[in-house]
Amino acid sequence: MKQYNHQEIEKKWQDIWEKEHRFEVKNHEDNKENAYVLIEFPYPSGKGLHVGHIRSYSALDAVARKKRMQGYNVLFPMGTDSFGLEAERTAIKEHKLPQEIVSRNIATFKEQLKMVGLSVDWSREISTSDPSYYKWTQWLFLQFVKHGLAEKQETTVNFCPNCGVLANEEVENGKCVQCGAETTQKPKAQWVLKMTKYAERLADDLKDTDYMEHIKTSQINWIGKSEGTEVKFDIEGGGSFKIFTTCIETIYGITFMVLAPENKLVDSLKNRILNWNEVEEYRKQASKKSDFERTEMAKTKTGCILSGIYAINPVNGKKVPVYISDFVLASYGTGAVMAVPTHDARDYEFAKAKNIEMIEVISGGNVAEKAYEKQEYLQKDSILINSGKFSGLKVSEAKKAITDYLINLGVAEKKINFKMRDWIFSRQRYWGEPIPMIHCDHCGWVPVNEEDLPITLPIVESYDVTKDGESPLSKIESFVNTTCPKCKGKAKRETDTMPGWAGSSWYYMRYCDPHNDKEFASLDALSAWLPVGLYNGGNEHTCRHLLYARFWNKFFYDIGISPVSEPFKNRISQGIVLGSNGVKMSKSLGNVVDPREVIKEYGADSIRVWEAFMGDYFETVNWNDDGVKSANRLINRIWNMQEFLTEGTEFSKELNFSLNFAIDKVTSDIDNVKFNTAISTIMSLVNEIYSNKKINKAEYKTLITLLSPFAPHVCEELYTICNFGTSMKDATWPVADKKALIKDTIELPVQVAGKVRGKITVSNSASQEEAVAVALENEDVKKYSNGLNPKKVIYVAGRILNLIF
RNA sequence: GCCGAUGUGGCGAAACUGGCAGACGCGCUCGACUCAAAAUCGAGUUCUGUAACAGGAGUGCCGGUUCAAAUCCGGCCAUCGGCACCA
């Protein structure tokens, strides 16, 4: 018997797979059902892949390989999400072109990935920064434009006087991370995708998916649907504004109103505001903060009164003061709120800080100490007080009664509001898809003609961020100056680019038809594969990327270019692999583990098995060098089993149960994303074979097949050594004989008063009487029974017998 | 702050969703093989306790429900992820 040599074997099989085009798939295969297994494509950062990537790639590879052996036509593609800030930053730092940085990084990443032996169809590889790909990203953007879902809107951007427009992560505590200067929120007209139009469906249609519950929840929370009432408040002396509330029952408790500092209403009231200077100063301060800082609960609430301005409560005509405060966001709801300090914690804090009166309108709390909030009073269905003719009603009744009353008055309407905002789609950066729009003084914004796509990024010397807040592309005249597609007059190109999210919002569709130069993907190809059966990616993407991708698909579905209304049947998210010190792997901390080194020493099969085994797939786990050894040991044990090998075409009596159990368990574990227990089942089986020191060919073949999704190279090698076939190309996944799993007798734990005191052996169909009779004869049980009959018996067949004496 | 998740031996973890806590593995201890070591094979390994059994305690902390709780409920504590221009 030859020694196990991972380097030789892995190279050999990887070459064979490549030469055979083993994993390339056609969109249609006779007599085979299609299955689409998708893993988020990596961002080709300069760091390269670390062992954490291997965890999810090899796990999904195992899923794909098993499905293939089960007779499916499996699409398991890979590509790179290559636009984005990081490549641009690296390029600036290294004085190279982002194009160069990206192709260098992709080469490294592919080299690393190929060593792992993934069953990827590389003929379908895509890269989002490739013009042949982003041509279609631009084309899809034009569809949004065509259907009125993309438009220029006034927004704000983080702005640093020295460094220009900044990403959120480049701003810390209102200061620029790079130069330390104070940043402001600068107004800017930007392209926006009107995603809110899809809010309702994005939330509702989650019911048609099998996503993990917490992923559905995070989608729903992000969308933030709330049903409430929009109420119009008149301003004393003329004018009015609207507020949105989900707590209309507290309307008699209003003691002030709050507007967002940016609310345009404030400008229109300028002449009537007595303390305008103060108001202006406050607005300036507020413009320095991000939304996140503004709404943070821990911060003390600040605000500024609009002296001389009073709003009139439509239920009782009460005159209340109006403030501006940064805890109210212009972007959410109407940019104005009614404040009821007795029943809202934020309002309570504000009222305390500003010494504003409070009126309790729902009984049951202790409003002298803190606000009695809706979570609590809704649950208790408390009674209204101090609320005019609505006093005495329960909250549940008052909600409706007050809403109806206001609607009759003509000052309110029922409204559904979403926390989710439209998607700001412009970036003033170089390294992204140019937005294919042209501005003409006569015709306004005109889409580029589809046949002129792609609008390619010009190769430029400096693509650094500009100080004036415009995209670096704006400085390239040859790019900017063009003719209007409509009137053929002089016109200028849009110079903003798309965000990194753009390319990743539809890449899984391009995999279905990656070389199509007529369409972004044909409906036939998409119909063959969608919806994706299993979509795996990082936890950090389960909220936004997933929502964006779903939004794009829904729109495509509506305009007839996608065959499904939900693109992903199931979505799961793997846990992160941290460094061995429990901290995220990063170059600066020196705790990055390069898979290439591990593979060199122990082999791809070993690292794959170890990462499958290291813990629950969904949980964060620390890297551990010793762990790979244990996987390597398992593989060696299975390799060395050749010594025990005997002839045989059927399972032996000794192993019949264990093998069928393992088939059943490994199959369901892979289906249920429990790779760690799949491996431990195989380990137990191997232990048993070692204690028997015997295994026949039929058994060995089954064992090898079960391991092969995780350790494909060594399994192919053993498969051929043992003459089970010339390769595992046509290997089929075993099916458990369910009958073999039923045992005649079982060991049943016996509890006395809830504590396990003994074990009995009974037939697997034993009745309660039979089980109790056996238990009472058991020596361990007798110690506690004192010869008595039990007063009470709890019997769960096959599980537990609990006796109370 | 808000939303989501997690917390079990020296360590990574498992536990069929309320039914034997610690499967499987790492590490460690002991034994076999070896001149020796490594590798390999085998035995043991939650803590406490005992010569050995027995017994007791035990799943982040405090309390509750139940014949029975890692699992369900209430209240804390700690760690991680997201919070809209990183993707």
Among [options], which nucleotide has an atom closest to any side-chain atom of [X]?
X        : options             : value
A:Ile804 : B:C67, B:C24, B:G56 : B:C67
A:Arg633 : B:C24, B:C67, B:G27 : B:G27
A:Val621 : B:A57, B:C86, B:A13 : B:A13
A:Trp222 : B:G56, B:C83, B:A87 : B:C83
A:Ala167 : B:C85, B:G42, B:C20 : B:C85
A:Thr217 : B:G4, B:C26, B:C20  : B:G4
A:Ile576 : B:A84, B:G81, B:G19 : B:G81
A:Tyr690 : B:A14, B:G42, B:G25 : B:G42
A:Asp626 : B:G27, B:G82, B:C67 : B:G27
A:Gln428 : B:G19, B:C85, B:A54 : B:C85

Considering only the [atom1] atoms, how many Å lie between [N] and [M], rounded to the nearest integer?
N     : M     : atom1 : value
B:G49 : B:A54 : C1'   : 10 Å
B:C67 : B:C28 : C1'   : 40 Å
B:G63 : B:G12 : C1'   : 32 Å
B:C77 : B:G60 : C1'   : 8 Å
B:A14 : B:G25 : P     : 15 Å
B:A21 : B:U71 : P     : 14 Å
B:A23 : B:U8  : C1'   : 14 Å
B:G27 : B:C16 : P     : 28 Å

Tell me if a side-chain donor or acceptor on [X] pairs with a main-chain N or O of [Y] at a distance below 3.5 Å.
X        : Y        : answer
A:Asn764 : A:Lys743 : yes
A:Asn778 : A:Lys759 : yes
A:Asn640 : A:Asn636 : yes

Which whole-number value in Å describes the distance from [X] [atom1] to [N] [atom2]?
X        : N     : atom1 : atom2 : answer
A:Phe675 : B:A14 : CZ    : C1'   : 17 Å
A:Leu546 : B:G4  : CG    : P     : 17 Å
A:Asn221 : B:G82 : CG    : P     : 16 Å
A:Leu85  : B:A87 : CG    : P     : 6 Å
A:Arg571 : B:A5  : CZ    : P     : 16 Å
A:Asn636 : B:A38 : CG    : C1'   : 14 Å
A:Ile223 : B:G4  : CD1   : P     : 14 Å
A:Gln574 : B:A5  : CD    : C1'   : 14 Å

Would you call [X] and [Y] a salt bridge, taking side-chain N to carboxylate O under 4.0 Å as the test?
X        : Y        : result
A:Glu349 : A:Lys352 : no
A:Glu470 : A:Lys188 : yes
A:Glu373 : A:Arg346 : no
A:Glu170 : A:Arg89  : yes
A:Lys197 : A:Asp422 : no

Are OP1 or OP2 of [N] and a side-chain N or O of [X] less than 4.0 angstrom apart?
X        : N     : answer
A:Lys665 : B:A23 : no
A:Asn676 : B:A14 : yes
A:Arg799 : B:G18 : no
A:Arg637 : B:G42 : yes
A:Arg544 : B:A84 : no

Using a heavy-atom cut-off of under 4.0 Å over every strand shown, decide if [X] touches base, sugar-phosphate, or nothing.
X        : result
A:Asn687 : sugar-phosphate
A:Glu40  : nothing
A:Arg89  : nothing
A:Ser426 : base
A:Tyr784 : sugar-phosphate
A:Ser218 : nothing

Partner lookup for [N], please. Criteria are Watson-Crick or G-U wobble with both distances under 3.5 angstrom; report none if nothing qualifies.
N     : answer
B:G19 : B:C67
B:U8  : none
B:C76 : B:G60
B:A32 : B:U40
B:G1  : B:C83
B:A14 : none
B:U50 : none

Worked verdict on A:Tyr211 versus A:Tyr535 for ring-ring contact (aromatic ring centres under 6.0 Å, His included):
CA-CA 9 Å; A:Tyr211 299 174; A:Tyr535 184 25; 8.8 Å; no
Need to verify one output field. Residue with the more 5' nearest nucleotide on RNA chain B, A:Thr620 or A:Pro749?
A:Thr620
Reading RNA chain B from 5' onward, which residue's closest nucleotide shows up sooner: A:Lys693 or A:Ser684?
A:Ser684
